Amino acid sequence: MDQEVTSVSKEPEPLRQAPAAIQIITNDEIRRSGASSLPEALRLADNLEVAQDNAHDWNISARGFNADLSNKLLVLIDGRTVYSPLFSGVIWDVQNVMLEDLDRIEVVSGPGGTLWGANAVNGVINVISKSAQDTQGWYMEGAGGSELRDSGEVRYGGTLAPNVYYRVYGTYFDRNNEAFANGVPASDAWSEGRGGFRIDTGGPSDDKFTLQGDYYNGAGGNASIPGTDVESGENVLGRWSHTFSPDSDMSLQLYYDRTNSSQPTAPFTLLGITFEPGGRFADSLDTYDLNFQHHFKVGDDHQITWGTGYRFTHDQNQNAPTLAFYPAPLNQNLWSFFVQDEIKLEKDLFLTVGTKVEHNDYTGFEVQPSGRLQWNVTPKQMLWTAVSRAVRTPSRIDHDLAEPTGLPAPFPPSLLTGTTAFTSETLIAYEAGYRAQLGDKVSGSISTYYNDYSKIRSTTSSVPFGFPVYLQNNLEGETYGVEVSADYQAFDWWRLHAGYDFLKEHIHVMPGEVDFTHGLNETADPQNQFSFRSSMDLPQDMEFDTGLRWVDTLTVNNGPTAATVPSYFELEARLAWHPTKNLEISVVGQNLLHDQHPEYGFPSAMQVQIERSVYGKIAWHF
């Protein structure tokens, strides 16, 4: 409960005083889980829905809407936003941070638009790396097994000058194919190489500087279309922070991020005749982002945080015969300003109010206000409640998409198309929660919410052929749920954790409107999720960790029909031995209860199923 978090107020505060549905995934929890990728590590957050689609694709969301193009979760890695303007979501197979160098992952379920802006509708994931000062010396790791065929990581940290620290790293992995239902390999094997650096200043100075950058290049097979998905990119980020006094500080951050992707596309055929051939769709995105933030105190009762930012993106597409965006090159500008005031009403009662104002090139100005009330019942118990507004602004898919058919007139020229009239999806969220440390051994939290959505993306067909299908804002609905998390330190050597997530969704077509998929296209979520973890420190420097999870049935959509992915239990286990202080040898088993089973996707011959995995790992610090 004393762990420091920054995602709720953009200022450091202990978890016990953070008035939001937030969970922390620590570096030690990641290590002991046996996770070998960031999406696997995110399974440790009870307030997330995580479904693996194939060897390299994942669907991750909070509080629902975890469909193929899930777009209501904002993800940051060391302050760098990693969502794609193509669909307002995250391409998870390129977010392969070096897990050993992570300090923590903060996961906030619920809207964060007041601080973080558009697309922080249902939650925020904030991935935070360790300072270079905390990663001095060598670290080497090697792993291999059935699905994680081979993996290697190396990092070295040193000093450039007094109180100036650096690290450099390189990683590589090669993952095996998953399988179709009949056991045939899905041809979706995935490999990637990555390298980077980080420089931090330390010491007693009031000024802190960070400079870091990464480069990656990877490729993965495509289970449904012959060909290979290719991804590459690089980024560089600089941050300067200055402390004026114990009650006042500022930060200035600038980053550049470039991503490149290329993937095969299927031909358009009708009655055995190919009208448009298959091809490759490629996208290159350059992002420049500048952000300033200032925090200060006014008297004894007001803590004010404000900031402003500007983002410029240049998106360049190489359109394929059956997948295109018009215009192919597009420049976009995003301006933002936010202010938030934490007001001390009484000794243990606080009211936080604020808003963010953004201007984008599609819909103009968007306003995202919130109010949050916090009551510290005791030093170790807190009640909180909040009301917030958040928006999901249009992506290029909503606005610029075309799927050409090649059919002659009078047949439709496109199967699916975006519309310039597409507006922002909006949310009004009502939340309440309780967090407590109950004695020396038990801590936990419970959060409840009711979300009211309007102008959700729909697929509206035309007549007389039913195509093209237009993307419009014809859906609305409500969701509500409960998130529960608890930790129990049974003994000094044995820790237990349990989590439960209940979600109910009611998405429907607005009165007088139509939707091609009857409101099913935007959601694919379990109503119930349960997880249980055990971590034991055994004699002879051994560790034994297990994780059991149950995921309820998913309803998935394919056109006007719907089908289900069955509910399942799954088990992970890790056994580790430390023959010396700096050496760890471990064996990890994942998906141990099934030879293979689906976590996502429409049931068909092409649905990919996730296989059991066992691998061994050696890690050495020196």
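These numbers were taken from a predicted model, which means no experiment stands behind them.
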Fill in: Single hit among R533, R32, R549 for salt bridge (Lys or Arg N to Asp or Glu O under 4.0 Å) with E572
R549
Heavy-atom pair of closest approach, residues [X] and [Y]:
| X | Y | value |
| --- | --- | --- |
| S37 | R175 | CB-NH2, 3.7 Å |
| L74 | T81 | CD1-CG2, 3.6 Å |
| P85 | S395 | O-CB, 3.4 Å |
| W384 | M382 | CD1-CE, 3.8 Å |
| S36 | Y615 | CB-OH, 4.1 Å |
| R574 | S586 | NE-CB, 4.3 Å |

Worksheet item: Quick one: does N96's side chain get under 4.5 Å of T171's, heavy atoms only?
Response: no
Discussion item. When you compare the side chain of K617 with that of E584, does any pair of heavy atoms fall below 4.5 Å?
Written reply: yes
State, without any angle test, whether [X] and [Y] hold a side-chain donor-acceptor pair at a distance under 3.5 Å.
| X | Y | result |
| --- | --- | --- |
| S613 | E147 | no |
| N451 | Y453 | yes |
| N222 | S187 | no |
| S485 | D46 | yes |

Heavy-atom donor-acceptor pair, [X] side chain to [Y] backbone, under 3.5 Å:
| X | Y | result |
| --- | --- | --- |
| S445 | Y434 | no |
| D93 | D57 | no |
| N176 | S146 | yes |
| E106 | T6 | yes |
| H56 | G221 | yes |
| D188 | E178 | yes |
| E543 | A576 | no |

Worksheet item: In terms of the angle between their ring planes, are F173 and W190 parallel, tilted or perpendicular, with boundaries placed at 30° and 60°?
Response: perpendicular
Worksheet item: Which class fits the ring pair Y500 and F502: parallel under 30°, tilted 30 to 60°, perpendicular over 60°?
Response: parallel
Item to complete: Just do the side-chain contact (heavy atoms from CB on, under 4.5 Å) check on L503 and Y449 with the steps written out, would you?
Response: CA-CA 10 Å; L503 166 69; Y449 60 91; 3.3 Å; yes
Worksheet entry | Within 6.0 angstrom of K455 NZ, more than 12 heavy atoms from elsewhere | no
Worksheet entry | Sole candidate of N122, N119, N66 that passes side-chain contact (heavy atoms from CB on, under 4.5 Å) when paired with K72 | N122
Worksheet entry | W550 and F532 aromatic centres sub-6.0 Å | no
Worksheet item: Could you walk me through whether L86 and D315 pass the side-chain contact (heavy atoms from CB on, under 4.5 Å) check?
Response: CA-CA 9 Å; L86 276 181; D315 193 21; 3.9 Å; yes
